Amino acid sequence: MIRLNKIQKKAVETTDSHLLVMAGAGSGKTRVITSKIIHLIKNKGVPPYAILAITFTNKAADEMKTRVKEVLSSTDMRHLQVRTFHSFGAMLLRSFISHLPPYDSRFTIIDPGDQKKIIKSLAEKAVKTAQINFILQLISSWKNDFLYPDAPFKSFAMYDTGSKEPGYYREWYKKYQDHLLKNNLLDFDDLIALPVQLSQKNSACNDYLKSRWRYVLVDEYQDTNTCQEKIIRLFYQNGATITAVGDDDQSIYSFRGADITNIRCFENNYKKSSVIQLEQNYRSTQSILDAANDVIAHNRRKYQKKLFTRNETGEYPSFTFYYSDREEAAETALEILKANDRGCAFAQTAVFYRTNYQSRLLEENLIQKKIPYQIIGGYKFFERKEIKDIISYLNVLANKRDSLSLQRIINFPPRGIGKKTVTRLINFAADRQLTLMQAFSQSRSCKLLPAKTQRKIDKFSELINKLEKDMQRHSLVGFMKLLLQKTMLFPFYQQLPDKNEANERCENIFQLLEAAGEFAENNKTNSLPQFLEHISLHTAQDEMAQQDTVKLMTVHNAKGLEFDTVFVTGMEENTFPHILSIDDPDETEEERRLFYVAMTRARKNLFLSGAGERKQYGRSKYLFPSRFIREIDRNHFKYYNDISRIDNKENMEDYFVIDQHEYF
DNA sequence: AATCAACCCGAGAAG
DNA sequence: CGGGTTGATT
């Protein structure tokens, strides 16, 4: 057992009862979990088969696997399960979902973009994006609360649905879920909720869960939602020993259903459990921790943790309030260069912001100063059009019932099958209870379409059939190359009139092929369904390359990461805390935790900044420094300046619309 | 079916 | 300001 402190050691060696490890930021929780897995196998003789570790991101899962791999044999590794909640759910469902007809094991996992498309397609007339988002969010929280459309009506009534009746949204939910069932599609929430349903309805599945896992370790427990907690509870009820690791001060995902009371009530919910608090930090300097402790102390807390370290004292963070967002971006880029001159590698530097669009100005400045950078999150690689096109072909081949993907590719690249034809086929399929694919062949005998159009449809069906045969005969990558040619996708993108665009899209296609090759190599498989699952469960952090680039990301994406030098930008009221969280004390506390997460990512240097003017929708907004900055003891700054440099007299008036004295 | 201009409206965070 | 959609035109 490698270098654990006394308290960590106790957490590792407590194996005979349920345990909550309250692990402060940088206190070595990954080390505790991995050490515990190794301890169970090596010292306690627990078969690896009986151990399950659950995380939230692939990156965390991979990290654990890598560390455990150094000690365990490859046979042991094969039997040990280290998975994310979603991949665990998917795994279980691949084996058991046929007990929930009409789903079958070839289901496709859809992303939020697909969800929006589905809602749009189910609407009789145009629906606003905001409305679609609201519907989907409601559906998501219903699923997280384990409510499916067939639940009694009164269960839905307690949800706040604004101006419209809950019944209205329940109708959407019914239509949406019906579409998923017919097309054999699962959304992210289904991956968590359906396993619970299965374990209750299907004895084979329940027996499997019951008999197999005896030790379950959960990472980031503060981020569990009702459904995820229920899964852990299933193991608990079946006699497994639970180790929950997390930090209530880092709970930042309530908007996706995470319930902070899950971790705060662990002691009550899991009988005969104990709690261990890890407060020694191995990441940051004491100066950074001092400032971070100041901030989080402003929250109401059940577990009062105060981080300390034996690392060097280091330097206090700095705070600069710039004149404008442009100045902030330019100066941040300059500071990155200065840090680089002092010996901080670009790869050890990160810039965080509250909202995705804040990356834009930064990017412009980094490009101008020729600083290599990489954005983590935001528009994801697998959501690019050219990639989605290819994946849609693959989806259709893996799941013939997926009419969503089929509609995407039926006339792409263009092959003369227009909207009218597609609408006709969809209606035809609906009338006869056929899948869209089945409608292709049936429409011929029914003479549904003009002969010329039917010929085009036949040709397309033939293409799909041929690809299906090719799939059997080739490796994953080999097959994908063949597909790119036979569908004319690659030639299509290659021949785009805009050469820059053509190059970029082709480059992305090559990257996809590379990813497929890597996947096949790492997992020793050419299975298309497994590759598709891998893609759909891909997370923002997976895009972290080891290149020497500055990393740009939202604070949410920064969780679990660490850098020598960290910049937290946009520290203004209404930006961070976000304007939509400012009226609700609970949400403001969550914003504070978010800032706490941001600060505790830094090992050595922490730069905080804000701007007095920020452009939004092409208009200027005038802002004041964030309350979170004022919560840090003034003595805990190396440099502090909250006065904007007003060098443009025209804007003076705007600044003093609100009396500064009133504000401070 | 493809192209383009006018127009509208919006961006909170993510598996 | 800029992306996405609509509707007119070819």
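Note that the coordinates shown come from a computational prediction; the quantities given were computed from them, not determined experimentally. In what follows, chains carry the letters A, B, and so on, assigned in the order in which the sequence lines appear, proteins first and then strands, with residues in each chain numbered from 1. Side chains included, hydrogens not; waters and symmetry mates left out as well; all remaining heavy atoms used.
To the nearest angstrom, C1' of dA14(B) lies 12 Å from CD of Gln115(A). Taking atom CZ of Phe134(A) as the reference point, atom C1' of dG10(B) lies 18 Å away to the nearest angstrom. Whole-Å rounding puts the Asp223(A) CG to dA13(B) P distance at 17 Å. We find that OH of Tyr353(A) is positioned 10 Å from P of dA13(B), with the value rounded to whole Å. In this entry the distance linking CG of Leu136(A) with P of dA14(B) reads 16 Å, nearest Å. To the nearest angstrom, P of dA2(B) lies 16 Å from NZ of Lys420(A). Rounding to whole angstrom units, NE2 of residue His538(A) and P of dA14(B) are separated by 13 Å. If you take CD of Glu587(A) and P of dG12(B), they are 13 Å apart, rounded to a whole angstrom.
Place Lys128(A) and Asn144(A) on DNA chain B by their nearest nucleotides, and Lys128(A) ends up nearer the 5' end. Mapped onto DNA chain B by nearest heavy atom, Arg256(A) and Asn133(A) fall at different nucleotides, with Asn133(A) at the one closer to the 5' end.
By the stacking rule of 5.5 Å between ring centres and under 30° between planes, Phe255(A) stacks on the base of dA13(B). Stacking between His578(A) and dG12(B) is shown: the ring centroid lies under 5.5 Å from the centre of the six-membered base ring, and the planes differ by under 30°.
Taking the ring centre of Phe412(A) as origin, the terminal cationic atom of Lys385(A) falls inside the region bounded by 6.0 Å and 45° from the ring axis. Cation-pi geometry between Arg256(A) and Phe188(A) is not satisfied (NZ or CZ under 6.0 Å from the ring centre, within 45° of the ring normal).
Distances from the side chain of Asp189(A) to the nucleotides dA2(B), dG12(B), dG15(B) place dG15(B) closest. Which of dA11(B), dG15(B), dA13(B) sits closest to the side chain of Tyr357(A) comes down to dA11(B). Comparing dG15(B), dG12(B), dG3(C) by their closest approach to the side chain of Arg360(A) singles out dG3(C). If you check dG12(B), dG15(B), dT5(C) against the side chain of Glu591(A), the one that comes closest is dG12(B). Residue Asn356(A) places its side chain closer to dA13(B) than to any other of dA1(B), dA13(B), dG12(B). The listed nucleotides are dT5(C), dG12(B), dA14(B); the one nearest the side chain of Ser581(A) is dG12(B). You'll find that the side chain of Ala540(A) is closest to dG15(B), out of dG15(B), dA11(B), dA13(B). Set against dG15(B), dG12(B), dG10(B), the side chain of Tyr617(A) has dG10(B) as its closest nucleotide.
Looking only at atom types and distance, the side chain of Tyr373(A) has a donor-acceptor partner in the side chain of Glu363(A) under 3.5 Å away.
Proximity of the aromatic rings of Phe255(A) and Tyr253(A) is defined here by a centroid distance below 6.0 angstrom, and this criterion is met. Taking the six-membered ring where the residue is Trp, the centroids of Phe567(A) and Phe352(A) are separated by 6.0 Å or more.
At the heavy-atom level, Lys120(A) lies under 4.0 Å from the strands shown only through sugar-phosphate atoms. Using a 4.0 Å heavy-atom criterion, one finds that Ile110(A) contacts no nucleic acid atom at all. Across all strands, Arg354(A) comes closer than 4.0 Å to base atoms (heavy-atom distances). Residue contacts shown for Lys59(A) are absent, as no nucleic acid heavy atom lies under 4.0 Å away. When heavy atoms are screened at a 4.0 angstrom cut-off, Asn557(A) is found touching the sugar-phosphate backbone but no base atom. Residue-level contact check: Gly377(A) touches neither bases nor backbone, having no heavy atom under 4.0 Å from any strand. Using a 4.0 Å heavy-atom cutoff across all strands shown, Gln137(A) reaches no nucleic acid atom at all. Phe56(A) comes within 4.0 angstrom of sugar-phosphate atoms only, judged by non-hydrogen atoms across all strands, and of no base.
A close approach under 4.0 Å does not occur between any side-chain nitrogen or oxygen of Thr129(A) and OP1 or OP2 of dC9(B). Look at Asn58(A) and you won't find any side-chain N or O under 4.0 angstrom from OP1 or OP2 of dG15(B). The shortest distance between the side-chain N/O atoms of Lys621(A) and the OP1/OP2 oxygens of dC1(C) is not below 4.0 Å.
The gap from the P atom of dA13(B) to that of dG4(C) amounts to 16 Å, rounded to the nearest Å.
Salt-bridge annotation for Lys615(A) and Asp325(A): absent, with no side-chain N of the basic residue lying under 4.0 Å from a carboxylate O of the acidic one. Between Lys380(A) and Asp111(A), no side-chain nitrogen of the basic residue sits less than 4.0 Å from a carboxylate oxygen of the acidic one, so the salt-bridge criterion is not met.
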